[in-house]
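Since the structure is predicted, the reported quantities are computational estimates derived from the model, not experimental observations. In the text below, chain A, chain B and the rest are named by the order of the sequence lines, each starting its count at 1.
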Protein chains: 2
Amino acid sequence: MRLTQRDIARLARVSQTTVSLVLNNRTEASARIPAETRDRVLKVIRETGYVADPLARRLLQQRNQILGVFTYESVFPSASADFYHPFLSGIEESAEERGLDLLLFTSAPVTDGRRRVFHANNRLRLADGSLLLGRHIPTEELTRLVAEQYPFVSVGRRDNPDSSPPVPYVGADYVSATATLTEQAFELGHQRVAFVGPGEGAESSADRLLGFRRIAARGLHLPPADRALDDVLEELLSKNVTAVFVEDLADADALADAARRRGLTVPGDLSVVALGDASRPIPSDADYSGFHIPRKEMGRQAVGLLESILSGEPADPQQLLPCELVEGSTLAAPRGL
Amino acid sequence: MRLTQRDIARLARVSQTTVSLVLNNRTEASARIPAETRDRVLKVIRETGYVADPLARRLLQQRNQILGVFTYESVFPSASADFYHPFLSGIEESAEERGLDLLLFTSAPVTDGRRRVFHANNRLRLADGSLLLGRHIPTEELTRLVAEQYPFVSVGRRDNPDSSPPVPYVGADYVSATATLTEQAFELGHQRVAFVGPGEGAESSADRLLGFRRIAARGLHLPPADRALDDVLEELLSKNVTAVFVEDLADADALADAARRRGLTVPGDLSVVALGDASRPIPSDADYSGFHIPRKEMGRQAVGLLESILSGEPADPQQLLPCELVEGSTLAAPRGL
DNA sequence: GATCGAAGGTAATACGAATTAGCACGGCCA
DNA sequence: TGGCCGTGCTAATTCGTATTACCTTCGATC
């Protein structure tokens with residue numbers, strides 16, 4: 001049988017109110033408990049090992065010291081484990097420092113291949129506020145979250161739904177990072193460059209293409225999803241591309257590997273730039289030129305932003321963190337020069 | 001402003017009770033709501049997007065559909081990320097299938113270098129029950145959990161505190177796995193074998209040594225913690241050891257590497273057997289003989305056992321899963337044969 | 001024409017803690 | 001000897017939902 005404050009009160013021969021007052025160290029004028037009574041209550045509490053039911057507290061108070069974590073993909077999948085891990089690592093670190101627990105919404109049902117926040121029995125309110133992770137978050141979910149004024153922060157930039165208040169996020173500045181690398185390629189003498197990646201769908205994909213186009217307005221764009229990377233390579237070579245920018249490091253690695261199997265050298269014949277980290281484990285651990293996503297820091301800052309929102313402190317609700325550029329060894333001047 | 005059942009009731013011109021009955025699909029004789037009224041209520045619910053506050057429900061009900069996860073080390077540390085991940089992956093999978101959320105107790109304060117479940121404001125009761133992870137769990141914590149009848153399951157075998165009911169766990173059968181491998185070594189002709197690992201402290205360490213001693217009663221035992229692995233290698237060689245069993249794959253790798261640097265071959269001059277997976281990332285990915293810990297399965301089964309306990313179904317509270325033996329290429333007959 | 005039962009609800013209460021309002025008592029001052 | 005204040009508490013209420021116990025109306029039955 002669970003102990004309640006009433007039980008403690010009975011044992012200490014005081015009222016439930018007194019137990020609550022002692023427990024919360026209320027020493028104001030309105031609640032004067034002499035040391036003797038206080039000690040008696042504390043003694044019973046110690047002896048019984050009583051702890052207040054955190055849920056009953058929340059019913060009356062505002063905060064529960066729980067942050068929700070909602071991932072639009074599995075949190076601990078084997079495949080993308082390495083990719084998601086740093087985000088969670090940052091979130092956990094920050095939560096630990098702030099004395100917050102994390103609630104992973106693993107119960108959200110999967111419909112049409114995606115998880116959904118909103119379903120018949122959504123449990124968002126168990127947490128004070130939530131962090132949202134995932135490549136893509138459906139607009140209607142974002143709209144509704146904003147409309148209901150649920151406190152949340154997205155890890156990763158999100159497009160703003162029309163005519164709604166800004167969606168709070170902590171993202172990475174893919175546009176600048178990609179533009180910088182593209183510029184470097186031109187400065188090295190590359191003339192024909194290509195972008196391999198979806199370039200749309202998720203904001204992160206669109207942003208990279210945007211950064212690429214900002215410098216290489218008429219560079220080639222090849223979405224990789226619908227074809228084998230060998231075919232992609234084929235097309236790159238037939239169009240005399242000398243530097244290719246690949247969204248996913250795993251694809252970059254596969255592409256470089258395909259090139260080498262055809263007797264080409266990287267970066268001699270083809271420079272390969274990785275615009276981010278590997279979404280799946282890759283065999284080699286070559287030192288690719290490109291950038292890293294500040295994943296851990298994004299997690300940390302997202303917790304910070306959510307806390308600001310929850311505590312009502314003013315804070316910029318949309319933050320972009322710089323990506324860490326990696327010099328690497330796969331971007332160099334094209335052979336002809 | 002949050003919507004409550006009272007608000008819905010007002011809008012649908014019924015009582016709060018009726019809203020609750022409709023919401024919970026109560027169709028028994030004791031609660032007959034005609035379709036007309038039901039529809040009216042459901043319409044309002046749909047239009048307003050109302051969802052019941054999960055916390056208020058729990059106050060009355062027994063279950064909350066939340067499982068706690070308490071790790072005695074960080075959950076997402078960079079260092080042991082790869083080691084813990086599979087456990088969590090299994091836990092998540094199983095929780096998802098069962099419609100449970102996971103609460104990570106990241107708020108537990110660290111005292112004397114360890115996290116503790118029990119502290120002034122312990123939040124265990126937020127969850128229906130909890131899973132405990134970690135190399136070592138202090139006996140007093142286990143004793144108290146059992147004493148308070150808190151529903152929990154340990155991932156990993158735990159020694160039973162004296163005169164207490166059995167500690168529920170899902171562990172791995174390190175004893176058998178280690179014994180089997182030791183036996184294999186003897187059958188291959190090894191005469192002088194050694195065990196490298198603490199062999200005590202954590203149950204997992206003790207079990208491995210136990211399995212080793214079961215076959216090699218007088219084999220050498222070298223705790224690695226207090227010395228460099230080069231020293232350990234030195235001693236192994238001076239005692240003509242031809243097969244070494246290492247608790248941690250990371251140590252096994254380091255040891256094999258040290259051996260090679262001295263011009264020895266593995267397994268020619270020294271067989272190296274890894275009794276488990278790497279607790280930290282290792283540079284090479286050599287194909288070590290030994291076994292894998294069924295980490296993911298342990299996570300899955302732990303959730304299953306906890307569910308059984310929570311629902312009152314009978315189940316063996318102490319379960320050992322077999323380890324997956326790996327033939328590998330680092331255990332072979334000693335050179336002399 | 002009183003009784004009964006079913007239909008269609010609702011009022012009241014419980015869950016566990018926090019908060020608000022206020023009560024009883026004693027001492028001090030006028 | 002009455003009023004006032006400070007001390008040391010406690011009764012009552014609140015949060016949002018689920019449940020239990022009951023109430024009213026109406027038609028059928030005896």
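For dT17(D), neither phosphate oxygen OP1 nor OP2 lies less than 4.0 angstrom from any side-chain nitrogen or oxygen of Arg57(B). Between Asn24(A) and dA18(C) there is a side-chain N or O to OP1 or OP2 distance below 4.0 Å. Dashed line: the shortest gap from a side-chain N or O of Tyr50(B) to OP1 or OP2 of dG16(D) is not under 4.0 Å. Side-chain nitrogen and oxygen atoms of Thr4(B) include none within less than 4.0 Å of the OP1 or OP2 phosphate oxygen of dC15(D). OP1 and OP2 of dG16(C) both lie 4.0 Å or more from every side-chain N or O belonging to Arg6(A).
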Pair Asn24(B)-Arg57(B), side-chain hydrogen bond (donor to acceptor under 3.5 Å, both in side chains): steps then yes or no:
CA-CA 11 Å; Asn24(B) 293 289; Arg57(B) 305 186 101 151; 3.0 Å; yes
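Of the residues in residues 8-20 of chain B, those with a non-hydrogen atom less than 4.0 angstrom from any atom of DNA chain D are Gln16(B), Thr17(B), Ser20(B).
Whole-Å rounding puts the Glu36(B) CD to dG9(C) C1' distance at 13 Å. Computed from coordinates, the Gln5(A) CD to dT19(C) C1' distance equals 12 Å when rounded to whole Å. One can place CD1 of Ile33(B) at 10 Å from C1' of dT10(C), the figure rounded to the nearest angstrom. Protein atom CG of Asn25(B) is 13 Å distant from nucleotide atom P of dT19(D), rounded to whole Å. Distance CG (Leu21(A)) to C1' (dA21(C)): 13 Å, rounded to an integer number of Å. Counting to the nearest Å, the C1' atom of dA18(D) and the CG atom of Asp53(B) are 13 Å from each other. The CG atom of Asn64(B) sits 13 Å away from the C1' atom of dT17(D) (whole-angstrom rounding). Here dA18(D) presents its C1' atom at 14 Å from CZ of Arg58(B), a figure rounded to the nearest Å.
Residue Leu60(A) has its side chain nearest to dG16(C) when only dG16(C), dT19(D), dC9(D) are considered. When each of dA7(C), dT17(D), dT14(D) is scored by its nearest atom to the side-chain atoms of Ala56(B), the top-ranked nucleotide is dT17(D). Closest approach to the Arg32(B) side chain among dA17(C), dG8(D), dG9(C) is made by dG9(C) (side chain taken as heavy atoms from C-beta onward). Closest approach to the Pro34(A) side chain among dT17(D), dC9(D), dG16(D) is made by dC9(D) (side chain taken as heavy atoms from C-beta onward).
Residue pairs meeting the salt bridge (Lys or Arg N to Asp or Glu O under 4.0 Å) criterion with at least one member in residues 303-318 of chain B, sequence neighbours excluded, are Arg63(B)-Glu307(B).
Looking at residues two or more places apart in sequence or on another chain, you find a side-chain contact (heavy atoms from CB on, under 4.5 Å) between Ala315(B) and Leu305(B), Ser308(B). Judged as a ring pair (Phe, Tyr, Trp, His ring centres under 6.0 Å), and not counting sequence neighbours, Phe152(A) has no contacts. Every residue meeting the side-chain contact (heavy atoms from CB on, under 4.5 Å) condition with Glu297(B), not counting sequence neighbours, appears here in chain and number order: Pro294(B), Arg300(B), Gln301(B), Leu321(B). The ring pair (Phe, Tyr, Trp, His ring centres under 6.0 Å) check on Phe70(A) picks up Tyr72(A), with sequence neighbours excluded. Leu320(A) pairs by the side-chain contact (heavy atoms from CB on, under 4.5 Å) definition with Arg157(A), Tyr169(A), Asp173(A), not counting sequence neighbours. Listed by chain and residue number, Arg135(B), Tyr174(B), Ala202(B), Arg208(B) satisfy the side-chain contact (heavy atoms from CB on, under 4.5 Å) test with Ser204(B) (two or more places apart in sequence, or in another chain).
Remark on DNA chain C: of its neighbouring residues Leu59(B) and Arg40(B), the 5'-side contact belongs to Arg40(B), judged by nearest-heavy-atom nucleotide.
Summary for the helix from dG1(C)-dC30(D) to dA30(C)-dT1(D): the axes at its two ends, each from 5 pairs, differ by 90° when rounded to the nearest 10 degrees.
By the 4.5 Å heavy-atom criterion applied to side chains, Ile45(A) and Ile8(A) are counted as neighbours.
We find that Lys43(B) and Glu47(B) are joined by a salt bridge, their nearest charged nitrogen and carboxylate oxygen being less than 4.0 Å apart.
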